[in-house]
Amino acid sequence: MSYLVASLPPIKCFVRREFLYNFEKGHGEYEPAIWVSIKALRGQVFRIESLLPAYSALYDKLPIHAYVWHTDNPAMLPIDTLQLWDCMGYRFTIIEKIGLRNLGVKFMSKDKAWVFGQYLFTVDFCADGQDLDTGFTEQAEEHKSFNFIRLDNGQFACQPNNRCLWYDQSLIPNETKFPDFQAARHIWTVDGTRKWTTGTDWFYNIEERT
């Protein structure tokens, strides 16, 4: 479990150069880059650090809409389309869900348009027991994971599960049902019950509590 910052896969991409100069110049230009790390601050978007090989320098704290993986499409989606929710906390983990590796995916944007791409990895949050969970990282109906996607239009996005649909030629049929599920609202636990205890018996000679 990482705190504040974690390493990223070394994804080769480009930085929109206006982000390197606080929008004072560089508009329409691109600088080759390689992702190095990601920073999560509660109430803000993810901040990505990248290596700029031509300068042998690191540049930190850029949002996801500062990056593209190809420069052929000048029509850029805004940050609040690419990342729907702010970071939920400071403790997080990064995982590649192997069952989704290289799968095609589409997500529904705020204007209800489908945006297409390919799965990269997922970031998920929790309080980790070292600090008080003053947010919603461990509340079932509010918790969200962030699936990072390489978009067909050249940008990157990070979207929660409930906005994404996946493509697998072997598992997913041509015609699918549209998910109409409700968000999970229950926390399930089997510990802490008053009805029975195992005590110190190795073979669980269970005694019922009164």
Pair R101-E96, salt bridge (Lys or Arg N to Asp or Glu O under 4.0 Å): steps then yes or no: CA-CA 7 Å; R101 174 178 285 176; E96 180 192 18; 2.8 Å; yes
Reported CZ-to-CG distance for the pair R91 and L4, which is rounded to 0.5 angstrom: 10.0 Å
Under 3.5 Å, which donor-acceptor pairs do the side chains of residues 111-127 form with other protein atoms, sequence neighbours left out?
unit_1, atom_1, unit_2, atom_2, d
D111, OD1, S109, OG, 2.3
D111, OD1, A113, N, 3.2
Q118, OE1, R150, NH1, 3.3
Q118, NE2, N102, O, 3.3
Y119, OH, K97, N, 3.0
Y119, OH, T122, N, 3.4
Y119, OH, T122, OG1, 2.8
T122, OG1, N147, OD1, 2.8
D124, OD1, H143, NE2, 2.6

Contact check, side chains of K144 and L84, non-hydrogen atoms, under 4.5 Å: no
Partner set under side chain to side chain contact (heavy atoms under 4.5 Å, CB included) for S7, not counting sequence neighbours: none
Rounded distance (nearest 0.5 Å) linking atom CG of L82 with atom CD1 of I149: 10.0 Å
Which donor-acceptor pairs under 3.5 Å do side chains of residues 21-28 form with protein atoms, sequence neighbours excluded?
unit_1, atom_1, unit_2, atom_2, d
Y21, OH, R17, NH2, 3.2
H27, NE2, F23, O, 3.0

CD on E29 to OG1 on T71, rounded to 0.5 Å: 12.0 Å
ring-ring contact (aromatic ring centres under 6.0 Å, His included) assessment of F146 paired with F46: CA-CA 10 Å; F146 295 77; F46 288 108; 5.2 Å; yes
Same apolar cluster: M76 and W69, side chain cutoff 4.5 Å: no
Single-linkage hydrophobic cluster M108~Y167, side-chain heavy atoms < 4.5 angstrom: yes
Check: I38 main-chain N/O paired with E49 side-chain donor or acceptor under 3.5 Å: no
Y59 side-chain N/O to V15 backbone N/O, donor-acceptor pair under 3.5 Å: no
Cluster overlap Y90 with W85, hydrophobic side-chain contacts below 4.5 Å: no
Verify same cluster id: V5, V45 (apolar side-chain graph, 4.5 Å): no
Closest non-hydrogen atom pair, P63 against I79: CB-CD1, 4.3 Å
Short side-chain to backbone donor-acceptor contact, Q155 and L77, under 3.5 Å: yes
I64-M88 co-clustered via ILVMFWY side chain contacts under 4.5 Å: yes
E31 side-chain N/O to P53 backbone N/O, donor-acceptor pair under 3.5 Å: no
Where L151 and A157 come nearest, the two heavy atoms and their spacing: CD1-CB, 3.9 Å
Backbone of H65 reached by a side-chain donor or acceptor of R16 within 3.5 Å: yes
Exercise: identify the closest heavy-atom pair between A6 and I94: CB-CD1, 3.8 Å
